[in-house]
Amino acid sequence: MVRFSLRSSRPHRDRARSRGRRPSGGTTPSPPPAPAAPMESSSQPPPPPPTGGDPSEEGAAPELPRLTVTQVEQMKVEGRIADIYRVLFEAPPSTKSVMLELWRDSHAEYLTNGLRHLGPSFHGLDANRPWLCYWMVHGLALLDETLDDDLENDIVDFLSRCQDKQGGYGGGPGQLPHLATSYAAVNTLVTIGSERALSSIKRDNLYKFMLQMKDKSGAFRMHDGGEIDVRACYTAISVASLVNILDADLAKGVGNYIASCQTYEGGIAGEPYAEAHGTLFVGWLQWSCLMKWRNSICLA
């Protein structure tokens, strides 16, 4: 095999003369360059060129996407929950019965205090205050706890101030009436169940509000100018059934609209041609039980 070296083309005399020179200024001369490595004959194919200088191709780990604050907080919560389950699964049966005990008194105290006062961390739920009432009152009802008269009257008074003059309940006093918060407010008052709580619901105005939310498709919109979806249908029909104002005008076309939301997967989407969702299927099931209309969609 033929080999050759890259050497300077200057004559030996020029190279010898350059070795004898001293650089000006008294600086130490730089060492001579290292001789070039022998090269193969041109008959050998050259190595492939680099492909763009990607760090991952040079053995470096690829850069991971930066996590958002919400993702980091969610990962922390998931880690804490995983630790709780890990301790529970590894505990002996006798310990599990103690660990799974429901602290009724602590829960009742927490819910009752929340009905009286909530901290500043809840300010983001200002438009959901009837929901807060519903969650806490419903929790106390599940624990078979009763409200004292003063707290019950405070809840009824507050929800009455959330009730719009034209019908429906807003997320707080003076806020826009909404089917979702109307659902929460009415369920809270029905759960309380007292004469004062039930009589505070202006049924005629509530019926008019629901008729205004009725769409020509048969569905309902959540609020004036709001979205039309299965949630609105369920909340409207549920509330109307609770306060005994459900009639043919409110129910007309709702079944056909929900049937049009069934996807090829078999589930129910929030609106036609959207993605199916388990929660919305539960909403349809509850609505169909109220309407006794289980044949509105295909269950096969």
Side-chain angles (χ1 to χ4, degrees), residues 125 127-135 138 159-160 162-172 174-191 198 200-263 267-299:
L125 296 174
N128 295 276
R129 292 162 74 183
W131 279 109
L132 295 172
C133 293
Y134 172 59
W135 292 328
H138 186 63
L159 293 177
S160 295
C162 295
Q163 188 169 201
D164 190 81
K165 295 180 179 180
Q166 304 301 320
Y169 291 80
Q175 296 187 22
L176 188 73
H178 195 287
L179 278 178
T181 46
S182 296
Y183 173 90
V186 170
N187 273 274
T188 301
L189 296 168
V190 170
T191 301
L198 296 177
S200 69
I201 304 172
K202 308 301 181 184
R203 295 166 66 250
D204 292 341
N205 290 342
L206 183 60
Y207 178 77
K208 294 176 183 178
F209 168 69
M210 290 187 175
L211 280 182
Q212 292 174 356
M213 297 303 104
K214 184 76 172 176
D215 184 71
K216 61 182 180 181
S217 64
F220 290 85
R221 62 181 71 251
M222 295 300 291
H223 58 86
D224 186 19
E227 64 274 26
I228 299 172
D229 54 26
V230 172
R231 298 173 308 139
C233 295
Y234 168 67
T235 51
I237 296 298
S238 175
V239 169
S241 177
L242 275 174
V243 298
N244 199 26
I245 57 174
L246 181 60
D247 62 5
D249 290 335
L250 289 177
K252 182 179 179 181
V254 178
N256 292 332
Y257 175 81
I258 295 180
S260 70
C261 297
Q262 186 174 25
T263 71
I268 304 295
E271 57 186 358
Y273 312 112
E275 182 183 13
H277 197 287
T279 303
L280 298 170
F281 182 83
V282 173
W284 165 82
L285 188 60
Q286 294 169 327
W287 168 85
S288 63
C289 290
L290 289 171
M291 299 295 296
K292 299 181 176 60
W293 197 0
R294 296 183 179 86
N295 297 325
S296 59
I297 66 170
C298 177
L299 297 176

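Please read all numbers here as calculations on a predicted model, not as lab measurements. Residue indices begin at 1 and follow the sequence shown.
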(request) First locate atom CD of Q163, then atom OG1 of T181, and finally report the distance between them rounded to the nearest 0.5 Å. (result) 11.5 Å
(message) Which heavy atom of R203 sits nearest to which heavy atom of N244, and what is that distance?
(response) NH2-O, 3.3 Å
(request) Describe, in one word, how the ring planes of H138 and Y134 are oriented to each other, choosing from parallel (under 30°), tilted (30 to 60°) and perpendicular (over 60°). (result) parallel
(request) Identify the heavy atoms of A232 and L179 that sit nearest to each other, and give their distance. (result) O-CD1, 3.7 Å
(message) If you compare all heavy atoms of C233 against all heavy atoms of I258, which two are closest, and at what distance to 0.1 Å?
(response) CB-CD1, 4.4 Å
(request) Identify the heavy atoms of C162 and P130 that sit nearest to each other, and give their distance. (result) SG-CG, 4.4 Å
(message) Once salt bridge (charged side-chain N to carboxylate O under 4.0 Å, His left out) is applied, what residue pairs with a partner in residues 215-227 remain, sequence neighbours excluded?
(response) D215-R221, E227-R231
(message) Counting C-beta onward and ignoring hydrogens, is there a side-chain heavy-atom pair between V186 and Y169 closer than 4.5 Å?
(response) yes
(request) Kindly determine whether K165 and N205 satisfy side chain to side chain contact (heavy atoms under 4.5 Å, CB included), including the steps that lead there. (result) CA-CA 8 Å; K165 295 180 179 180; N205 290 342; over 6 Å; no
(request) Measure the spacing between OG of S238 and CG of N187 and express it to the nearest 0.5 Å. (result) 5.5 Å
(request) Answer whether the closest heavy-atom distance between the side chains of Y273 and S260 falls below 4.5 Å. (result) no
(request) Quick one: which residue pairs count as a salt bridge (charged side-chain N to carboxylate O under 4.0 Å, His left out) with a foot in residues 236-257, not counting sequence neighbours? (result) none
(request) Mind checking the OG1-CG spacing from T188 to L132? Nearest 0.5 Å is all I need. (result) 9.5 Å
(message) As an exercise, state the distance from OG of S200 to CG of L189, rounded to the nearest 0.5 Å.
(response) 4.5 Å
(message) The criterion is side-chain hydrogen bond (donor to acceptor under 3.5 Å, both in side chains); which residues satisfy it with T263, sequence neighbours excluded?
(response) E265
(request) Flag the pair V254 / K214 as yes when at least one side-chain heavy-atom distance between them is below 4.5 Å, and no otherwise. (result) yes
(message) Looking at every heavy atom in both S217 and I228, which two are closest together, and how far apart are they?
(response) OG-CG2, 4.5 Å
(request) With rounding to the nearest 0.5 Å, note down the distance linking CG in D164 to CG in L176. (result) 7.5 Å
(request) Determine the minimum heavy-atom distance between Q166 and F209, stating which atoms define it. (result) O-CB, 4.1 Å
(request) Classify the ring geometry between Y183 and Y234 as parallel (under 30°), tilted (30 to 60°) or perpendicular (over 60°). (result) tilted
(request) Calculate, to the nearest 0.5 Å, the distance between atoms CG and CE belonging to L250 and M213 respectively. (result) 12.0 Å
(message) Is any side-chain heavy atom of Y207 closer than 4.5 Å to one of V243?
(response) no
